[in-house]
Structure formats: structure tokens, C-alpha cells
Amino acid sequence: MEEARLKERLAQARTIAVLGAHKDPSRPAHYVPKYLSEQGYRVLPVNPRFQGEELFGERVVGSLLELQGPVDILDVFRPPSALMGHLAEALALKPGLVWLQSGIRNPEFEKALEEAGVPVVADRCLMVEHRRLFRGPLPL
């Protein structure tokens with residue numbers, strides 16, 4: 001996705017579902033969605049291990065099918081080998097964009113989403129890209 005379009009999508013987004021959200025603050029699946037929440041996005045955590053608990057001011061649900069309302073971005077923290085098991089849920093959710101975090105690529109999953117009209121960003125950190133696009137480079 002070209003940079004201008006990516007920035008536009010992030011600027012327009014309001015709700016981000018996080019598949020694989022985690023409650024351990026040292027894990028990217030916690031501190032990335034926490035950052036996004038602090039930037040004003042509504043972050044909807046999805047992880048059956050923590051179902052019913054609260055993260056980022058929202059109740060954790062066990063699957064994408066339990067989410068209510070529209071989701072602008074689906075941010076994925078799951079191993080590439082697990083992605084096809086979430087394809088039907090992701091397609092039913094109809095997010096405006098699916099974001100596969102750093103290190104996550106699954107060409108079959110990506111192709112299926114794109115063929116259904118859902119754009120995919122893969123192997124990039126949403127927090128890093130948000131900071132770069134909206135806050136400028138971090139000091140070294």
C-alpha cells in the first residue's frame with residue numbers, strides 16, 4: 001500500500017481489533033495496542049485465553065465473531081501458521097484493512113483477503129508506522 005493511502009487509512013480509522021492481544025506488558029501484543037489506545041483509537045482485544053478480562057478499557061472477547069460494530073483495522077498478532085484458521089472470521093468481520101505485525105506473512109491468507117477486497121499490510125509494525133507517519137522519526 002502506498003504511503004499516502006496508508007496514512008489516510010490510519011487517520012480515518014477509529015476502531016482497531018487486535019487478534020492475539022496479550023495482557024503481559026512486555027509483549028508487543030500488549031504494548032502496541034496500548035500505544036494505539038493512547039493515540040485515541042478504540043482497541044478491541046481478541047484472545048480466548050483472556051476472554052472476559054479487560055484490556056485497553058475494553059472487554060476481551062474470544063473470537064472475531066463476538067465483536068460488535070464496524071472495525072476499521074484488524075491488527076494481527078498470531079503465528080503465520082495459525083492465520084488460515086482465522087480467515088472465515090476475518091472475512092465475516094469485513095475490516096477496512098488487515099495489518100499483519102512484524103514477522104507475520106502468509107501469502108495464502110493475504111491473497112484470500114485481497115481477493116475479497118480487503119487490503120493487507122504484512123510484516124510491519126503498526127506502532128512503528130503510526131509513529132513514523134504522524135509523529136516523525138524517533139530520536140536515536
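For the numbers below, each heavy atom of this structure counts, side chains included, while hydrogens, waters and symmetry mates do not. As the structure is a prediction and not an experimental result, all values here were calculated from the model.
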So which pairs with a foot in residues 58-80 pass ring-ring contact (aromatic ring centres under 6.0 Å, His included), sequence neighbours left out? none
Tell me every residue that passes side chain to side chain donor-acceptor pair (under 3.5 Å) with Arg27, counting only those two or more places apart in sequence or in another chain. His22
Could you work out, with side chain to side chain donor-acceptor pair (under 3.5 Å) as the rule, every residue matching Gln39, not counting sequence neighbours? none
Spacing of Leu126 atom CG and Asp75 atom CG [to the nearest 0.5 Å]: 5.0 Å
Sequence neighbours left out, what passes salt bridge (charged side-chain N to carboxylate O under 4.0 Å, His left out) with Glu3? Give chain and number order. Arg132
Going by atom type alone, with no hydrogens or angles, which donor-acceptor pairs under 3.5 Å involve a side-chain atom of residues 83-96 and a protein atom two or more places apart or on another chain?
unit_1, atom_1, unit_2, atom_2, d
His86, NE2, Arg78, NE, 3.1
Glu89, OE1, Leu64, N, 3.0

Partners of Gln12 by side chain to side chain contact (heavy atoms under 4.5 Å, CB included), sequence neighbours excluded? Glu8
Residue pairs, two or more places apart or on separate chains, that pass ring-ring contact (aromatic ring centres under 6.0 Å, His included) and touch residues 89-114: none
Which residues satisfy the side chain to side chain contact (heavy atoms under 4.5 Å, CB included) test with Pro70, sequence neighbours excluded? none
Listing, residues 41-48 side-chain donor-acceptor contacts under 3.5 Å, not counting sequence neighbours, or none:
unit_1, atom_1, unit_2, atom_2, d
Tyr41, OH, Leu10, O, 2.7
Arg42, NE, Glu58, OE2, 2.9
Arg42, NH2, Glu58, OE1, 3.3
Asn47, OD1, Arg49, N, 2.9
Asn47, ND2, Ala21, O, 2.8

Checking Arg9 now: which residues fulfil side chain to side chain donor-acceptor pair (under 3.5 Å) with it, not counting sequence neighbours? none
Residues which pass salt bridge (charged side-chain N to carboxylate O under 4.0 Å, His left out) with Glu108, listed by chain and number, not counting sequence neighbours: none
Taking only residues two or more places apart in sequence, or in another chain, which ones meet Glu115 in a side chain to side chain donor-acceptor pair (under 3.5 Å)? none
